Number of protein chains: 4
Amino acid sequence: MTEITDVISTWLPSDELDIARARLPIVYVDAIPVRVNDLGEVVSVGLLLRARPDGSISRAVISGRVFHGERIRDALLRHIEKDLGSMALPQVPASPTPFTIAEYFPNPDISGFHDPRQHAVSLVYVVPMAGDCAPSQNALDLVWLTPEEAVSDNVRAEMTGGQDRLVRLALAYVGKLP
Amino acid sequence: MTEITDVISTWLPSDELDIARARLPIVYVDAIPVRVNDLGEVVSVGLLLRARPDGSISRAVISGRVFHGERIRDALLRHIEKDLGSMALPQVPASPTPFTIAEYFPNPDISGFHDPRQHAVSLVYVVPMAGDCAPSQNALDLVWLTPEEAVSDNVRAEMTGGQDRLVRLALAYVGKLP
Amino acid sequence: MTEITDVISTWLPSDELDIARARLPIVYVDAIPVRVNDLGEVVSVGLLLRARPDGSISRAVISGRVFHGERIRDALLRHIEKDLGSMALPQVPASPTPFTIAEYFPNPDISGFHDPRQHAVSLVYVVPMAGDCAPSQNALDLVWLTPEEAVSDNVRAEMTGGQDRLVRLALAYVGKLP
Amino acid sequence: MTEITDVISTWLPSDELDIARARLPIVYVDAIPVRVNDLGEVVSVGLLLRARPDGSISRAVISGRVFHGERIRDALLRHIEKDLGSMALPQVPASPTPFTIAEYFPNPDISGFHDPRQHAVSLVYVVPMAGDCAPSQNALDLVWLTPEEAVSDNVRAEMTGGQDRLVRLALAYVGKLP
């Protein structure tokens with residue numbers, strides 16, 4: 001009954017957003033896309049290949065801002081569709097409770113989660129994808145990795161901001177941390 | 001990789017089960033079937049209409065024993081299929097952690113959960129059903145209720161053993177307790 | 001090792017906060033204070049008696065904003081100390097995951113949680129208090145209620161913004177919803 | 001109100017227990033003892049040094065059976081007192097929900113959790129200790145390790161049955177997995 005959201009004032013001129021970012025923590029959602037088998041067990045984790053502003057390449061999970069007036073579920077689905085396309089068929093969990101919280105700080109030493117642009121508090125979810133995932137927009141590619149691959153040194157080295165740790169926390173939550 | 005279960009010694013002669021029940025807590029799983037909308041939000045709860053041993057009728061959630069050698073996920077799916085048929089397409093959560101624990105005792109005053117036959121420790125899950133649910137075996141009927149209906153006095157009066165409270169705990173967990 | 005927080009730009013001039021509130025969701029923490037027995041079971045819930053801006057009186061849980069640069073745990077402890085004094089000895093849970101999320105909107109129909117001033121996303125925790133709680137600052141009084149009292153119609157009628165529902169969700173989470 | 005437990009038929013003659021173990025999964029509780037700082041953050045993990053039946057030494061978490069008629073909380077506190085003494089002042093979480101489930105099987109390949117004696121389903125909790133812990137009974141020693149030490153190769157090699165993984169899952173749950 002509450003699916004209507006009055007998304008107003010959604011887009012800030014970027015200078016206003018810059019000012020707000022310097023003054024307030026920003027609400028984020030992160031989603032770790034997974035594939036599950038018939039029993040519901042996680043068999044693989046999806047990571048996006050992204051170009052970073054400095055030109056280097058990194059692997060990342062889905063992550064983005066929640067708009068003013070927007071519900072958490074709507075923000076989750078918006079960012080999933082933006083990154084994985086409209087045929088991904090995400091199964092967002094029935095409970096609104098994230099499996100963990102990631103506190104991203106400009107200072108990398110505070111929490112282990114790091115974002116040079118801002119202080120963001122992210123609600124993090126594991127989301128099974130039942131459909132076809134096609135990386136879109138600024139994602140160059142999407143790769144499905146086994147839990148063992150996802151925690152390997154190689155893959156960890158390609159992730160930034162503490163997202164390698166977020167993947168390990170997600171695998172622990174679903175009982176699949178190697 | 002661990003989907004093979006060596007279900008051995010599964011069926012106990014009922015006198016042996018009776019002896020064990022008098023001496024050990026029994027491992028159970030309970031499942032509260034739900035329907036979700038496109039956002040993953042719970043919109044209705046499924047309750048089974050059952051004939052009780054004394055001939056009266058009660059509403060109930062899915063509940064049953066875990067066999068020796070059987071994984072929790074396999075037990076969940078077995079009981080769901082037994083009660084809702086093979087086309088129910090249950091989406092068992094990716095995390096193995098139940099949303100709550102129900103401790104059923106022969107004495108109704110200990111925990112509020114009551115089973116005259118035994119001390120059972122039940123792992124309780126909310127399970128969205130994506131397919132067609134057809135009540136089978138000893139379930140007479142299956143009714144889908146809104147959260148408001150599911151917590152109404154009428155429906156509560158038709159549930160036993162504390163399962164009315166289990167439904168309220170499930171609705172709270174998914175953020176839909178009225 | 002990460003207990004040092006660089007709380008900078010914490011206080012916004014109120015007109016800047018007003019502008020930000022109109023454009024971005026604000027990060028909040030809510031805490032439901034409880035008393036537990038030797039087994040760790042919740043035996044009572046603490047509610048604050050507050051004067052509302054319009055002069056009426058309401059019962060409320062602990063709730064407040066997270067500052068820029070501030071960790072969730074620090075914000076929780078700051079608001080608990082502000083409302084319950086410095087001798088409350090709060091036992092903040094070891095896990096950073098809130099037990100639920102409350103999405104407060106200016107429009108009361110969106111989520112059931114309502115804040116006329118802003119869109120706030122609150123991480124909600126149940127926090128046992130081991131010490132002496134003394135209501136301070138703008139709280140007029142603090143009352144400890146049994147779970148039965150806390151969900152009674154009388155008490156529900158004195159709570160606003162959906163916090164009566166938050167108390168029920170908390171009691172469900174700890175297995176004590178009547 | 002439900003703290004009275006009617007622990008009857010608690011002790012099985014060991015041959016009867018052997019028979020039951022061959023036929024039914026056994027209900028267990030595991031507890032990972034931790035120390036927390038003033039903010040509630042986990043700073044160290046306690047591991048018991050135990051003599052194994054084969055004479056070798058291993059590190060272990062607290063683990064034991066739930067008796068017939070016994071509540072989960074009572075079983076947790078009984079095993080904690082048995083292993084850490086009566087002055088440990090455990091702070092059992094307010095929620096009855098375990099942070100994960102460990103399914104121990106005689107076959108080590110099914111779930112990664114292994115118990116040669118039995119199929120046990122264990123409810124696993126992280127329990128902060130506020131008092132003095134003195135290893136007792138069959139525990140030879142207790143060592144407090146930092147999260148980094150607790151997941152090191154050395155320590156992992158001294159744990160059996162998959163309990164090294166259980167420690168990693170616990171650290172992930174509290175946001176402290178390195």
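Computed from a predicted structure; not experimentally measured. Throughout, protein chains are lettered first and strands after them, A, B, ... in sequence-line order, and every chain is numbered starting at 1.
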- So which of A:Ala94, A:Gly175, A:Pro128 has the largest heavy-atom pair count under 4.5 angstrom toward chain B?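 Going by pairs under 4.5 Å, I would pick A:Ala94.
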
- Query: What residue in A:Leu89, A:Val36, A:Val42, A:Leu77 has the most heavy-atom pairs under 4.5 Å with chain B?
  - Reply: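 Between A:Leu89, A:Val36, A:Val42, A:Leu77, the count favours A:Leu77.
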
- Task: Working to the nearest 0.5 Å, report the span between CD of B:Glu41 and CZ of A:Arg73.
- Result: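 So the CD of B:Glu41 and the CZ of A:Arg73 are separated by 5.0 Å.
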
- Task: Kindly indicate whether the side chain of B:Val92, heavy atoms from C-beta on, has any atom under 4.5 Å from the side chain of A:Leu39.
- Result: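 No; the side chains remain at least 4.5 Å from each other.
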
- Verify the neighbour count for atom CG of A:Asp141: are there more than 12 heavy atoms of other residues, nucleotides or ligands below 6.0 Å?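 Yes, enclosed.
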
